[in-house]
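Here's the structure, in structure tokens; my notes come after.
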Amino acid sequence: MTLMRALTALSALALTHPAAAQEEFFPLTNPVELAPGETDTAVGELIFRGGVEITPDIATIGGLSGLEWHDGRLYAVADDGRRVVMTPEDLGARLVDVSSIGLAPLLDAKGGKLTAKTRGDAEAITRLPSGEWLVSFEQDHRIWRYADLAGPATGLEERAAALIAGAEANAGIETLAGFTGGLLACGEWVDPARPNCLRIAESGAAPFHLAAPEGIAAAGGVPTDAACKTDGTCFVLFRSYNASEGNRAAIVALAPDNTPTTLAVLAAPLMLDNFEGLAVREEPGKTFLYLVSDDNFRNCEDGDKAGCQRTLLMKFELAPPPEGPAPLTPEDFAGSPAARPAQRPFPEAAFVSVVLETSLGPVTIALETERAPVTAGNFLRYVDEGRFDGATFYRAMDLMGERLPSGIVQGGARNDPARVLPAIAHEPTTATGLSHVHGALAMARGAPGTADGDFFVMIEDQTGFNADPAAADPAWRDGFAVFGHVTDGMAVIASIHAAARDPEAGEGVMKGQMLAAPVTIIAARRAAPSSPAP
């Protein structure tokens, strides 16, 4: 977890709605593995990508049900009438921590808190493509609409009412999952005589029966949450528990026509608990699933007492097809956060634009000739003398961030004596005022004053590379020199970062970071000046 994010989490207080102020705090967590001694355990069609146990802290995090991924965070509801927002920390594809948790009450239509268990027993949450949120409750069976989770309920979602007609108090709608043009809702039962799911579209609601898959059916498995991709493919989580066998879980993929495929069944001796929440995270070329468990306010923090449960957050990746994943192209990143251009912090400062024509497409860079004249001038000399023509992007590294991908790609002369010019003086970020933000370019170097013709590009903010005069480690006091920003072509940079890497190439900390097939810089040139407006 980052210090800055921890400090922010400790001090943050959301004020979007006075009655629903969200207190954020820095949680205590412990890493967990799905199988002891294994890091990337494969179960069925899923690959384990890390997990944490969240201790309840003074906020008594418990009763979590339902889960939704949105804009770098996981949203859950609790059966005591609260909403929960978790910020996961990833290193590459692997979940390594939760850096902050926010808790706040859900509100009724009048802006009041849901104090009674019969009114506040929230079980499922989803965000529709429109931006509206839905939350389902049991005991007092209903689905409420929220224009903003921090505000009051804005209405009822009534299209699933038939599903819960006559339902028992503790057996209502446990799953809600929105997708483009529709909604999936399922109840917590598997009686074939009574449909337990509805796929709701503009044309109406179609009920169907979703059976528990083999491996959990005999243990009494029932649907407990769901999440859908934008194309209407949905994933349904089943759970079961009995005293002799403990917890089980299963994940079923539902095609848009509701054809089910069992992806995985999770059972002892794997690390499990009472999983009640499932979220899907779509990234270019990858699909991730998160599971969260409900500790029912009987957490095992004080020891493994009879009946105690844990709050576990686990991340899985849907395995690629047998022939392997298709190489990602810049088009795969179109519209993704990674493809957004850099924002120049000093837009009024003088700059020179250059274009790197790569084998994957053009990358346009604004060289900060006013803010970082030495470093930007050095790069411009490489461009003008053709020293980058035929050079490559050859390295990619994963770093922590709220979004994926997050890290750097590196390219340039790569110590080629025919390309390299003399090293230049170091321009620290404390002198230039620039920072290692998303889309920034910085010089690769050993010691300060050794940078020459190699550079790297940031994907997401990587401000740990900035100069820090107070750093205990001398290597970080000077930081790295930022000298430009990618103003167009970040989708190309993201696709370079996603390219296959050679696990054996590279030395020391760079082993496994070298691209198996470096991406060629066909030519580097100054951009043509834009024509003045007529």
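Only a predicted model underlies this, so the values are computations on that prediction, with no experimental measurement involved. Nothing fancy with the numbering, it's 1 onward along the sequence. We use all heavy atoms of the structure for the numbers below, so side chains are in, but hydrogens, waters and symmetry mates are not.
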Close side-chain approach of Asp80 and Thr60, heavy atoms under 4.5 Å: no
Under 3.5 Å donor-acceptor, His436 side chain and Asp461 backbone: no
Aromatic contact, Trp133 with Tyr75 (centres under 6.0 Å): yes
Distance (rounded to the nearest 0.5 Å) between Leu46 CG and Met314 CE: 12.5 Å
Shortest non-hydrogen separation from Leu198 to Ala160 and the atoms involved: CD1-CA, 3.8 Å
Pairwise side-chain contact, Leu106 with Tyr146, heavy-atom cut-off 4.5 Å (strictly under): yes
Leu360 versus Ser495, closest heavy-atom pair with distance: CD1-OG, 3.5 Å
Neighbour count above 12 (heavy atom, 6.0 Å) for Glu38 CD: yes
Shortest non-hydrogen contact from Gly178 toward Leu128: CA-CD2, 4.0 Å
Glu132: side-chain hydrogen bond (donor to acceptor under 3.5 Å, both in side chains) partners, not counting sequence neighbours: Arg145
Shortest non-hydrogen contact between Pro152 and Ala109, atoms and distance: CB-O, 3.8 Å
Residue pair Phe333 / Leu328, side-chain heavy-atom distance below 4.5 Å: yes
pair Leu313-Lys315: side-chain heavy atoms closer than 4.5 Å: no
Salt bridge present between Arg501 and Asp398 (N-O < 4.0 angstrom): yes
Student check: side-chain heavy atoms of Val292 and Leu312 closer than 4.5 Å: no
Glu282 atom CD, over 12 foreign heavy atoms within 6.0 Å: yes
Lys/Arg N to Asp/Glu carboxylate O, Arg94 vs Glu33, below 4.0 Å: yes
Name the atoms and distances for all side-chain donor-acceptor pairs under 3.5 Å in residues 264-274, with sequence neighbours left out.
from, atom 1, to, atom 2, distance (Å)
Asp273, OD2, Arg310, N, 2.9
Asn274, OD1, Arg239, NH1, 3.0
Asn274, ND2, Glu276, OE2, 3.2

Test side chain to side chain contact (heavy atoms under 4.5 Å, CB included) applied to Leu183 and Leu134, step by step: CA-CA 10 Å; Leu183 175 70; Leu134 301 180; 3.8 Å; yes
Electrostatic pair Arg281:Glu317 at N-O distance under 4.0 angstrom: no
Nearest non-hydrogen partners of Pro88 and Met86, listed with the distance: CD-O, 3.4 Å
Inter-residue atom distance Glu68.CD - Leu149.CG, 0.5 Å rounding: 9.5 Å
Note, Asn296 side chain near Asp79 side chain (heavy atom, < 4.5 Å): yes
Over 12 non-hydrogen atoms of neighbours within 6.0 angstrom of CD in Glu323: yes
Donor + acceptor pair across side chains of Thr311, Asp295 (<3.5 Å): yes
Donor-acceptor under 3.5 Å (Thr55 side chain, Leu28 main chain): yes
Minimum-distance pair of heavy atoms, taken over all atoms of Ile459 and Pro405: CG2-O, 3.4 Å
Any side-chain donor near an acceptor of the partner, Asp97 and Thr29, under 3.5 Å: yes
Review item, side-chain donor-acceptor pairs of residues 251-259, under 3.5 Å, at least two apart:
from, atom 1, to, atom 2, distance (Å)
Asp257, OD1, Thr259, N, 3.0
Asp257, OD1, Thr259, OG1, 2.8
Asp257, OD2, Thr259, OG1, 3.2
Asn258, OD1, Arg199, NE, 2.6
Asn258, OD1, Arg199, NH2, 3.2

Donor-acceptor contact below 3.5 Å, side chain Arg248 vs main chain Gly221: no
Modelled atom types, side-chain donor and acceptor of Ser435 and Thr463, under 3.5 Å: no
Ionic contact status for Lys110 with Asp108, cut-off 4.0 Å: no
Ile143 vs Ser136 side-chain heavy atoms within contact, under 4.5 Å: yes
Exercise: do Gln462 and Ser406 side chains pair donor with acceptor under 3.5 Å: yes
pair Tyr241-Asn247: side-chain heavy atoms closer than 4.5 Å: yes
